[in-house]
Peer 1: 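Take a look at the following structure, please.
Values in this document were obtained by computation on a predicted structure and should not be read as measured data. The figures here come from the full heavy-atom set of this structure, side chains too, leaving out hydrogens, waters and symmetry mates.
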Amino acid sequence: MHPTAKEPDMKIGVIGTGNIGGTLARKLSAAGHEVRVANSKGPDGVRAFAEEIGATPADAHGAIAGADLVILSIPFPAVAQLPKDLFDGLPEATPIVDTGNYYPGLRDPQIAELDAGKTESVWVSEQIGRPIIKAFNNILADSLAELGRPAGAPDRIAVAVAGDDDAAKRTVMGIVDQVGFDPVDGGSLAESWRQQPATPSYCCDYDAETMHKALLAAVKGEAQKTLIRVYGLMGKLGPNPSHADIIAMNRSVHSGN
């Protein structure tokens, strides 16, 4: 994508207004897109936030009706509780972005298929009955909110984007660029395990070249074991670790330190 290219304004539905979904909704609304936001509490539950960022409050169905792009940013186990008909009226070509991560034994209940090695976003795709694009899952919320930079900036960091539909992936990569980050192709959805928690590319604030190398360095099945170590190291950082401490810890797990 040309560094000076501007994505045309789109209708974007954001389901989930937590740290990642809320930040994306804010940035995309500021960029001029028509953003509709929804969470589990209905339109009234998200109205104040929507008014603050210049978006439209909605329920989940209203958020995605007629959308050019959908961002799904809810707690991982909640994906299975979404209405089964939620995406029935959405054109097949509309990209659905999954930003979620599975944290077994910490935040999330165990999901047997994932514990047996199924790729997280493949499971999400099966739950909602639609192909998805995996993005914005391997960047910290603080990094997403504060570290966006113009294209070409020497300190610009990267976000991995994985999926099977090339056109949908290009659209999402354009959004990544627009909100201030270098998109790096993470391969197919089946390969998106390379950007899951506790892999070398996960939440390390890397530039595009280093992100690409980190994705390639991931070893299938290693993240499940590494995640236990990460939990222990997070505990040692205390209740309010700094952003720098978290980045340093994530990098150290794969540096041999």
Peer 1: Just to verify, which of Leu24, Val172, Val176 counts as forming a side-chain contact (heavy atoms from CB on, under 4.5 Å) with Val97?
Peer 2: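 Of the listed options, the one satisfying the test is Val172.
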Peer 1: Is the number of heavy atoms from other residues, nucleotides or ligands within 6.0 Å of NZ (Lys84) greater than 12?
Peer 2: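 Yes, enclosed.
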Peer 1: Are Thr119 and Leu189 close enough that some pair of their side-chain heavy atoms sits under 4.5 Å apart?
Peer 2: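 Side chain of Thr119 against side chain of Leu189, heavy atoms only: no contact under 4.5 Å found.
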Peer 1: Hydrophobic side-chain clustering at under 4.5 Å (ILVMFWY, transitive links): who's grouped with Val219? Put none if nobody.
Peer 2: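 ILVMFWY cluster around Val219 holds nothing else.
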Peer 1: Which atom names give the shortest non-hydrogen contact between Leu233 and Met249, and what distance separates them?
Peer 2: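 Minimum heavy-atom separation between Leu233 and Met249: CB-CG, 3.7 Å.
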Peer 1: Could you go through Asp177 and Arg156, starting from their C-alpha distance and side-chain angles, then the distance that decides it, and tell me whether this counts as salt bridge (charged side-chain N to carboxylate O under 4.0 Å, His left out)?
Peer 2: CA-CA 10 Å; Asp177 178 72; Arg156 206 181 203 215; 2.9 Å; yes
Peer 1: Work out which heavy atom in Ile133 is nearest to a heavy atom in Gly163; give both atom names and the distance.
Peer 2: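 The pair with the smallest heavy-atom distance is CD1-CA, 3.8 Å.
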Peer 1: Does the side chain of Lys134 pick up a donor-acceptor pair with the side chain of Ser192 at under 3.5 Å?
Peer 2: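 No, Ser192 and Lys134 have no side-chain donor paired with an acceptor closer than 3.5 Å.
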Peer 1: Any donor-acceptor pair under 3.5 Å linking the side chain of Arg229 with the backbone of Ala198?
Peer 2: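 Answer holds: no.
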Peer 1: According to the salt bridge (charged side-chain N to carboxylate O under 4.0 Å, His left out) rule, which pairs have a member within residues 208-220, sequence neighbours left out?
Peer 2: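 Passing the test, one end in residues 208-220: Glu209-Lys213.
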Peer 1: How long is the gap from CD1 on Ile53 to NZ on Lys27, to the nearest 0.5 Å?
Peer 2: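 With rounding to 0.5 Å, CD1 (Ile53) is 12.5 Å from NZ (Lys27).
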Peer 1: Using 0.5 Å steps for rounding, measure from the CG atom of Asp85 to the NE2 atom of His61.
Peer 2: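 Nearest 0.5 Å value for the CG-NE2 distance: 4.0 Å.
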Peer 1: Would you say Gln178 and His33 are linked by a side-chain donor-acceptor pair, where the criterion is simply a distance under 3.5 Å?
Peer 2: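 The answer is yes; a qualifying pair exists.
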Peer 1: Main chain of Glu120, side chain of Gln196: is a donor-acceptor contact present, judged purely on distance under 3.5 Å?
Peer 2: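 Confirmed, Gln196 side chain pairs with Glu120 backbone.
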Peer 1: Is there a donor-acceptor contact under 3.5 Å from the side chain of Arg130 to the main chain of Phe87?
Peer 2: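 Between the backbone of Phe87 and the side chain of Arg130 there is a qualifying donor-acceptor contact (under 3.5 Å).
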Peer 1: Do the side chain of Asn101 and the main chain of Asn137 share a donor and acceptor less than 3.5 angstrom apart?
Peer 2: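 The answer is yes, because a donor-acceptor pair under 3.5 Å joins these two groups.
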Peer 1: If I compare all heavy atoms of Arg26 with all of Phe49, which pair ends up nearest, and what's the gap?
Peer 2: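 Minimum heavy-atom separation between Arg26 and Phe49: NH2-CE1, 3.6 Å.
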Peer 1: Got a second to check how far Gln195's CD is from Cys203's SG, nearest 0.5 Å?
Peer 2: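 The distance works out to 10.5 Å.
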Peer 1: In Å, rounded to the nearest 0.5 Å, how long is the span from CZ of Arg194 to CG of Leu216?
Peer 2: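 Nearest 0.5 Å value for the CZ-CG distance: 6.5 Å.
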Peer 1: Considering residues, nucleotides and ligands other than Glu222, do more than 12 of their heavy atoms fall under 6.0 Å from its CD?
Peer 2: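 Check passes, neighbour count above 12.
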Peer 1: How close do Ala80 and Gln127 get, counting heavy atoms only, and between which atoms?
Peer 2: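 It is CB-OE1, 3.7 Å.
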Peer 1: When clusters are formed from ILVMFWY side-chain contacts under 4.5 Å, directly or step by step, what else is grouped with Leu215?
Peer 2: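 Besides Leu215, the cluster holds Val184, Tyr206, Met211.
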Peer 1: With rounding to the nearest 0.5 Å, note down the distance linking CG in Asp68 to OG1 in Thr171.
Peer 2: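 Spacing of CG (Asp68) from OG1 (Thr171) equals 9.0 Å.
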Peer 1: Please name the pair of heavy atoms, one in Ala38 and one in Ala58, separated by the smallest distance, quoted to 0.1 Å.
Peer 2: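 Shortest heavy-atom separation between Ala38 and Ala58 comes out as CB-O, 3.3 Å.
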Peer 1: Find out if a path of hydrophobic residues (ILVMFWY) with successive side-chain heavy-atom gaps under 4.5 Å connects Val253 to Trp193.
Peer 2: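 Not linked; separate clusters.
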Peer 1: Could you tell me which non-hydrogen atom of Ile20 sits nearest to which non-hydrogen atom of Leu140, and how far apart they are?
Peer 2: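 Closest heavy-atom pair between Ile20 and Leu140: CD1-C, 4.4 Å.
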Peer 1: In Å, rounded to the nearest 0.5 Å, how long is the span from CG of Asn240 to CG of Asp245?
Peer 2: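 Asn240 CG to Asp245 CG: 11.0 Å, rounded to 0.5 Å.
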Peer 1: Would you check if the side chain of Asp98 reaches a backbone N or O of Ile132 as a donor-acceptor pair within less than 3.5 Å?
Peer 2: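 No.
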Peer 1: Should the pair Tyr102 and Phe76 be assigned to parallel (<30°), tilted (30 to 60°) or perpendicular (>60°) ring geometry?
Peer 2: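 The rings of Tyr102 and Phe76 sit tilted, inter-plane angle from 30° to 60°.
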